[in-house]
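What follows is a set of notes on a single structure, which appears directly below.
First the proteins, then the strands, lettered A, B, ... as listed; each starts at 1.
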There are 2 protein chains.
Amino acid sequence: MYSSGVSTSERLIESTRELLWERGYVGTSPKAILERSGAGQGSMYHHFRGKPDLALAAIRRSAEETRATADAVLAGPGTPYQRIEAYLLRERDVLRGCPVGRLTMDPDVIADDALRAPVDETLDWLRTRIAGIVEEGKEQGGFAPALDSSEVAAAVVATVQGGYVLARASGSPAAFDAGVRGLLALLAPRER
Amino acid sequence: MYSSGVSTSERLIESTRELLWERGYVGTSPKAILERSGAGQGSMYHHFRGKPDLALAAIRRSAEETRATADAVLAGPGTPYQRIEAYLLRERDVLRGCPVGRLTMDPDVIADDALRAPVDETLDWLRTRIAGIVEEGKEQGGFAPALDSSEVAAAVVATVQGGYVLARASGSPAAFDAGVRGLLALLAPRER
DNA sequence: GTCTATAGAACGATAGAC
DNA sequence: GTCTATCGTTCTATAGAC
């Protein structure tokens, strides 16, 4: 339930966002959204055409937020290595997982190009953003020139996404942290 | 539908395994299992207590299969680096994802200790198995002695699990391959 | 814009005949 | 062991009053 002062459509989007994060698309019912948002059946179908339409609005918001959160750290100060380190070590609610990445395991999201698009764009943006930083690092000498920037970036993003998998499997954030530290050790500049 | 010659309970387990892989636990209904297996309602509730019980049998089988497939490659010939390389590069149906890892995004699996246990055990086994190989590599000189074996192993497993996420988001196996190549480049012995 | 009422289908499970 | 019938609930959506 949300306190008043926020529009109904806003509460619907935010409740859907939370439920998609916790339970995925298949596991989220309109009924559950209505209960959490405190809105009635009529309101939901007034503001949105149906579950896919509301989910799209929620997914787009999660995508935006994910990009903004990542960029805030990636655009920070320090060497390229330090900026990637900051991204990998930033505070996360690890056991909740990634609100965007988790949707890739949802068959109905993957089957619908409109729903999949924001997910694809977000992870693609992240890989490109990090690849640019790796490229900087190659120029500045922190990273070996032989490295393929976009491949290293893919490994960084995959380690994060996979770290969530390991953590949720074990019920503890420790596995996420281990993967991240392992990658950072491999990524660390040899000579300074 | 399965050809005859296999027991009904066998067909039920195998159909459930496929559906859990494709649609997850929440997205898989008893009805869908019955249709795919060709069994009737009565048969399913005769052999299994219900959906969770049948799912547990299916998850255990996927867990076993995953361990066997991984070990077949990890126990192969070559240096520690080459064995990990072989594991990372082995043929996969990338867009299908990992039948075990994908279950970590299923709220009902994570909430049920019995269903989560085989998932946890499998990923834990895999990390331990790979950590042992990294340890060998440290002794033989292929990997830097300063590396933490279990952290590197976590990074390897996370890259695979996260690679599936990237691939499914983009609808192409290319992103998985990129992440794996990025990790292998970082992992490669510097001096031979 | 929001409410309640209603709809047809699917969900997960049980009962009881054969 | 397998079948059909049935159950109460939830799913997603529509209708129509207010």
Side-chain angles (χ1 to χ4, degrees), chain A residues 1-59 103 106-112 114-115, chain B residues 1-59 103 105-112 114-116:
Chain A
M1 283 288 198
Y2 278 84
S3 56
S4 53
V6 193
S7 73
T8 299
S9 102
E10 184 59 28
R11 282 183 289 130
L12 283 165
I13 292 175
E14 205 53 34
S15 298
T16 304
R17 225 170 71 78
E18 292 172 10
L19 283 163
L20 288 180
W21 199 341
E22 293 165 21
R23 306 195 41 84
Y25 182 86
V26 170
T28 296
S29 68
K31 192 190 176 197
I33 294 170
L34 298 179
E35 275 166 10
R36 185 169 298 212
S37 67
Q41 192 86 329
S43 296
M44 176 177 148
Y45 285 100
H46 172 74
H47 292 289
F48 301 95
R49 277 189 304 262
K51 178 180 167 178
D53 190 39
L54 175 49
L56 181 57
I59 292 172
L103 298 170
D106 232 304
D108 292 5
V109 170
I110 294 305
D112 183 332
L115 294 178
Chain B
M1 285 285 200
Y2 279 83
S3 55
S4 52
V6 193
S7 73
T8 299
S9 103
E10 183 58 28
R11 281 183 289 133
L12 283 164
I13 293 175
E14 205 53 34
S15 298
T16 304
R17 228 170 69 76
E18 292 172 10
L19 282 163
L20 288 179
W21 200 341
E22 293 166 22
R23 305 195 42 84
Y25 183 84
V26 170
T28 296
S29 68
K31 192 189 175 198
I33 294 169
L34 298 179
E35 276 167 10
R36 186 168 299 212
S37 65
Q41 191 87 330
S43 297
M44 176 178 148
Y45 284 99
H46 173 74
H47 291 288
F48 302 94
R49 278 190 302 263
K51 178 180 168 179
D53 190 39
L54 175 49
L56 180 57
I59 292 173
L103 297 170
M105 295 306 150
D106 233 303
D108 292 4
V109 170
I110 294 306
D112 183 332
L115 293 179
R116 185 172 59 83

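- Using a cutoff of 4.0 Å between basic side-chain nitrogens and carboxylate oxygens, B:R17 and B:E14 are scored as salt-bridged.
- Distance CZ (A:R11) to C1' (C:dT2): 11 Å, rounded to an integer number of Å.
- For C:dG1, the OP1/OP2 oxygens have no side-chain nitrogen or oxygen of A:T8 closer than 4.0 Å.
- The distance between atom CG of A:L54 and atom P of D:dA13, rounded to the nearest whole Å, is 10 Å.
- Residues B:T16 and B:L12 share a closest heavy-atom pair of OG1-O, 2.7 Å.
- Atom CD of B:E10 and atom P of D:dG1 are 14 Å apart (whole Å).
- Between the CH2 atom of A:W21 and the CD1 atom of A:I59 there is a distance of 13.5 Å, given to the nearest 0.5 Å.
- The distance from atom NE2 of A:H47 to atom C1' of C:dT2 is 8 Å, rounded to the nearest whole Å.
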Short heteroatom pairs, N/O only, protein and nucleotides 16-18 of chain C, under 3.5 Å:
none

Please table the atom pairs, donor to acceptor, closer than 3.5 Å between any side-chain atom in residues 38-56 of chain B and protein atoms at least two apart or in another chain.
unit_1 : atom_1 : unit_2 : atom_2 : d
B:K51  : NZ     : B:Y25  : O      : 3.0
B:K51  : NZ     : B:T28  : O      : 2.8
B:D53  : OD2    : B:R49  : N      : 3.0

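- Nearest heavy-atom pair, A:R11 versus A:V6, reported as atom, atom and distance to 0.1 Å: NE-O, 3.6 Å.
- Here C:dT14 presents its P atom at 16 Å from CZ of B:F48, a figure rounded to the nearest Å.
- To the nearest angstrom, C1' of D:dT2 lies 12 Å from CG of B:L12.
- The OH atom of A:Y45 sits 12 Å away from the P atom of D:dA15 (whole-angstrom rounding).
- Within the structure, every side-chain polar atom (N or O) of A:H46 is placed at least 4.0 Å from both OP1 and OP2 of C:dC3.
- If B:S43 and A:A32 are placed on DNA chain D by their nearest nucleotide, the residue sitting closer to the 5' end is B:S43.
- One finds the CD1 atom of A:I13 at 11.0 Å from the OG1 atom of A:T8 (value rounded to the nearest 0.5 Å).
- For B:L20 against B:A58, the heavy-atom pair with the smallest separation is CD1-CB, 4.0 Å.
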Report each atom pair, protein N/O against N/O of nucleotides 5-10 of chain D, whose distance is under 3.5 angstrom.
none

Next on the checklist: Please evaluate residues A:L115 and A:D108 with respect to the criterion side chain to side chain contact (heavy atoms under 4.5 Å, CB included), reporting the C-alpha separation (whole Å), side-chain torsions for both, the decisive distance (0.1 Å), and the verdict.
Outcome noted: CA-CA 9 Å; A:L115 294 178; A:D108 292 5; 5.8 Å; no
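- Between the C1' atom of C:dC11 and the CG atom of B:L19 lies a distance of 15 Å, rounded to the nearest Å.
- Minimum heavy-atom separation, A:G27 to A:R23: O-NE, 2.9 Å.
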